[in-house]
Protein chains: 2
Amino acid sequence: MNATPLVQSFVSHFGEMGSRWGINRTVGQIYALLFVSEKPLNADEIAERLSFSRSNVSMGLKELESWRLVRLQHYPGDRREYFSTPDDVWAIFKTLAEERKKREVEPTLTMLRGAMMETAGSEADRHAQARMKEMYQLIELVTTWFSDIQHMDVETLQRLMKLGSQVQKVLQFTQSLSKLTGRDTERE
Amino acid sequence: MNATPLVQSFVSHFGEMGSRWGINRTVGQIYALLFVSEKPLNADEIAERLSFSRSNVSMGLKELESWRLVRLQHYPGDRREYFSTPDDVWAIFKTLAEERKKREVEPTLTMLRGAMMETAGSEADRHAQARMKEMYQLIELVTTWFSDIQHMDVETLQRLMKLGSQVQKVLQFTQSLSKLTGRDTERE
DNA sequence: TCAAAGTTTCAGAAATTCCTGAAAATTGAG
DNA sequence: CTCAATTTTCAGGAATTTCTGAAACTTTGA
């Protein structure tokens with residue numbers, strides 16, 4: 001690899017991390033390299049800098065494309081494809097969350113819904129179903145909330161986050177207000 | 001495996017999912033089995049129900065213990081150890097979030113801090129550092145917020161989540177209030 | 001239509017991770 | 001302390017995943 005030590009350590013960290021959760025080392029490193037790169041890179045450049053085979057890079061990029069984490073572009077008079085990552089880190093974060101939701105959460109919810117529909121054949125089954133229901137409700141609550149949040153604009157989101165647990169006070173306050181006015185701010 | 005089809009499908013789903021992110025198939029299945037089980041199980045029971053070797057189960061349980069996802073207990077007159085998962089799904093969720101933070105987020109933050117301290121040797125390095133800083137700030141904001149939220153009691157948390165994006169309105173409202181009173185609800 | 005440039009696919013080698021059985025270590029009752 | 005019950009460790013075989021080079025495919029410009 002012919003990168004500065006700075007980029008080097010960033011890239012290898014992402015390699016390791018990548019393999020810690022689903023994505024593999026190659027994919028993690030390619031992403032990291034693109035993320036810190038000043039300008040878009042083509043597949044050969046990536047292969048050279050990371051000393052991976054050209055085909056390995058091709059597969060890695062395909063994987064990253066399926067996660068919608070890279071952007072593809074062309075330069076006039078150059079037939080090669082150049083890759084880069086979106087600039088906005090918030091957007092990246094949202095994309096990641098959406099994809100993980102689609103790949104991990106949704107299938108689980110589907111499975112749980114299915115299991116909850118079955119008629120329980122035993123006391124053990126009945127207990128299992130009750131547990132699955134608890135899990136289902138938690139996951140659903142958390143993910144719905146997450147997608148609510150995703151649709152907020154970045155400013156509000158940042159304000160909310162900076163507010164931190166103080167939001168509790170705001171909530172208590174609005175609740176006492178709603179008691180006075182008789183209107184409830186909660187939906188459903 | 002000698003489980004009802006209901007439990008069966010739940011357990012194998014967790015096996016698959018497990019391997020999709022870091023944890024392996026065995027570990028995922030053991031966890032799933034314990035999660036829906038009415039009563040605590042000992043290692044032999046687990047091995048038998050999932051048709052894994054006894055030693056594999058032992059390793060899986062050790063892994064789950066390191067994630068603080070299982071609880072260990074003894075019965076009088078029985079020397080074997082019985083395993084179960086905590087009942088409260090919220091507590092489970094929090095534990096999971098804490099552990100992932102410790103294992104995945106913190107090392108990344110440390111690496112980024114290190115990289116940001118280095119003196120950039122080139123224009124490329126300077127750009128890389130700027131990118132890393134953006135990433136650092138995002139991660140820090142999100143995780144601080146997460147831990148703030150974790151310390152809220154479950155009722156408030158649920159209320160907040162049910163409120164969803166409507167929280168935006170509440171925020172706007174409090175902001176206009178704070179303009180009136182001259183006090184700001186944001187910390188820092 | 002052809003050739004050159006570039007990209008993707010894929011079979012199998014290499015590397016890694018998982019899993020097992022046997023043996024070692026630990027635990028607790030007597 | 002001894003012994004049996006139980007748990008853990010670990011070397012190496014099995015299974016899976018990753019990675020490569022060669023070949024196939026695609027695209028574009030002449």
Side-chain angles (χ1 to χ4, degrees), chain A residues 1 11-34 40-67 70-84 103-104, chain B residues 1 11-12 14-34 40-67 69-84 103-104:
Chain A
M1 194 196 301
V11 166
S12 27
H13 180 87
F14 265 70
E16 319 254 304
M17 270 312 155
S19 56
R20 180 166 294 202
W21 63 274
I23 232 158
N24 75 33
R25 204 170 52 88
T26 316
V27 175
Q29 295 200 356
I30 295 175
Y31 184 77
L33 179 63
L34 292 176
L41 303 174
N42 66 45
D44 285 307
E45 288 169 332
I46 297 170
E48 205 215 313
R49 295 225 206 165
L50 301 176
S51 355
F52 292 150
S53 74
R54 182 63 187 70
S55 57
N56 196 7
V57 170
S58 170
M59 282 166 133
L61 287 170
K62 225 180 89 187
E63 171 90 9
L64 286 172
E65 279 182 89
S66 84
W67 282 86
V70 289
R71 158 182 300 158
L72 188 93
Q73 82 193 69
H74 285 277
Y75 287 114
D78 187 339
R79 273 165 61 184
R80 288 170 296 181
E81 296 181 312
Y82 285 78
F83 297 87
S84 60
R103 291 159 193 241
E104 292 161 27
Chain B
M1 193 195 304
V11 166
S12 25
F14 265 70
E16 319 254 305
M17 270 311 154
S19 55
R20 178 164 297 203
W21 62 275
I23 230 158
N24 74 33
R25 204 171 51 91
T26 318
V27 175
Q29 295 199 358
I30 294 175
Y31 184 78
L33 179 63
L34 292 176
L41 303 174
N42 65 46
D44 285 308
E45 288 169 333
I46 298 171
E48 205 215 314
R49 295 224 207 165
L50 301 177
S51 354
F52 292 150
S53 75
R54 182 63 187 70
S55 55
N56 197 7
V57 171
S58 170
M59 284 166 131
L61 287 169
K62 223 180 87 186
E63 170 90 7
L64 286 172
E65 279 181 89
S66 84
W67 281 87
L69 286 173
V70 290
R71 160 181 298 158
L72 189 96
Q73 84 193 69
H74 285 276
Y75 287 114
D78 187 338
R79 273 168 57 183
R80 288 170 296 182
E81 296 180 312
Y82 285 78
F83 297 87
S84 59
R103 291 159 193 240
E104 291 160 29

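Chain A is the first sequence line, chain B the second, and so forth, proteins listed ahead of strands; every chain is numbered from 1.
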Length of the line joining [X]:[atom1] and [N]:[atom2], which is rounded to integer Å:
| X | N | atom1 | atom2 | answer |
| --- | --- | --- | --- | --- |
| His74(B) | dG28(C) | NE2 | P | 7 Å |
| Ile46(B) | dT8(D) | CD1 | C1' | 15 Å |
| Leu61(B) | dT9(D) | CG | P | 12 Å |
| Leu72(A) | dT26(D) | CG | P | 18 Å |
| Glu63(B) | dT8(D) | CD | C1' | 15 Å |
| Gln29(A) | dC19(D) | CD | P | 9 Å |
| Leu41(B) | dT7(D) | CG | P | 13 Å |

Pair Arg25(B)-Glu16(B), side chain to side chain contact (heavy atoms under 4.5 Å, CB included): steps then yes or no: CA-CA 6 Å; Arg25(B) 204 171 51 91; Glu16(B) 319 254 305; 6.0 Å; no
base_contact_polar (dT6(D) base, Arg80(B) side chain, donor-acceptor, <3.5 Å):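 There is none.
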Side-chain-base donor-acceptor pair under 3.5 Å for Ser53(A) and dG21(D):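 Check fails, no donor-acceptor contact within cut-off.
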Which atom of Val70(B) lies closest to which atom of Phe83(B), heavy atoms considered: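 The pair with the smallest heavy-atom distance is CG2-CD2, 4.3 Å.
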Shortest non-hydrogen contact from Glu104(B) toward Met17(A):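 Closest approach of Glu104(B) to Met17(A), heavy atoms only: O-CE, 3.7 Å.
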Contact under 4.0 Å: Ser55(B) side-chain N or O vs dT7(D) OP1/OP2: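 Answer no for this pair, as no side-chain N or O of Ser55(B) is under 4.0 Å from OP1 or OP2.
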Below 4.0 Å: OP1/OP2 of dC19(D) and any side-chain N or O of Asn24(A):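 Answer is yes, contact under 4.0 Å.
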Closest-nucleotide 5' rank along DNA chain C - winner of Asp78(A) and Lys62(A):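 Closest to the 5' end, via its nearest nucleotide, is Asp78(A).
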Selection from dT8(D), dT7(C), dC19(C) that lies nearest to any side-chain heavy atom of Glu81(B):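 Looking only at heavy atoms from C-beta outward on Glu81(B), the closest nucleotide is dT8(D).
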Arg54(B)/Ser58(B) under side chain to side chain contact (heavy atoms under 4.5 Å, CB included): CA gap, chis, key distance, verdict: CA-CA 6 Å; Arg54(B) 182 63 187 70; Ser58(B) 170; 3.6 Å; yes
Heavy-atom side-chain proximity of Leu61(A) to Leu34(A) below 4.5 angstrom: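 Result yes, sub-4.5 Å side-chain heavy-atom pair found.
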Classify the nucleic acid contact of [X] as base, sugar-phosphate or nothing, counting any heavy atom under 4.0 Å across all strands shown.
| X | value |
| --- | --- |
| Arg25(B) | sugar-phosphate |
| Asn56(A) | base |
| Ser19(A) | nothing |

Most 5' of Met59(A) and Arg79(A) on DNA chain D, judged by nearest nucleotide: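 Counting from the 5' end, the first nearest nucleotide belongs to Met59(A).
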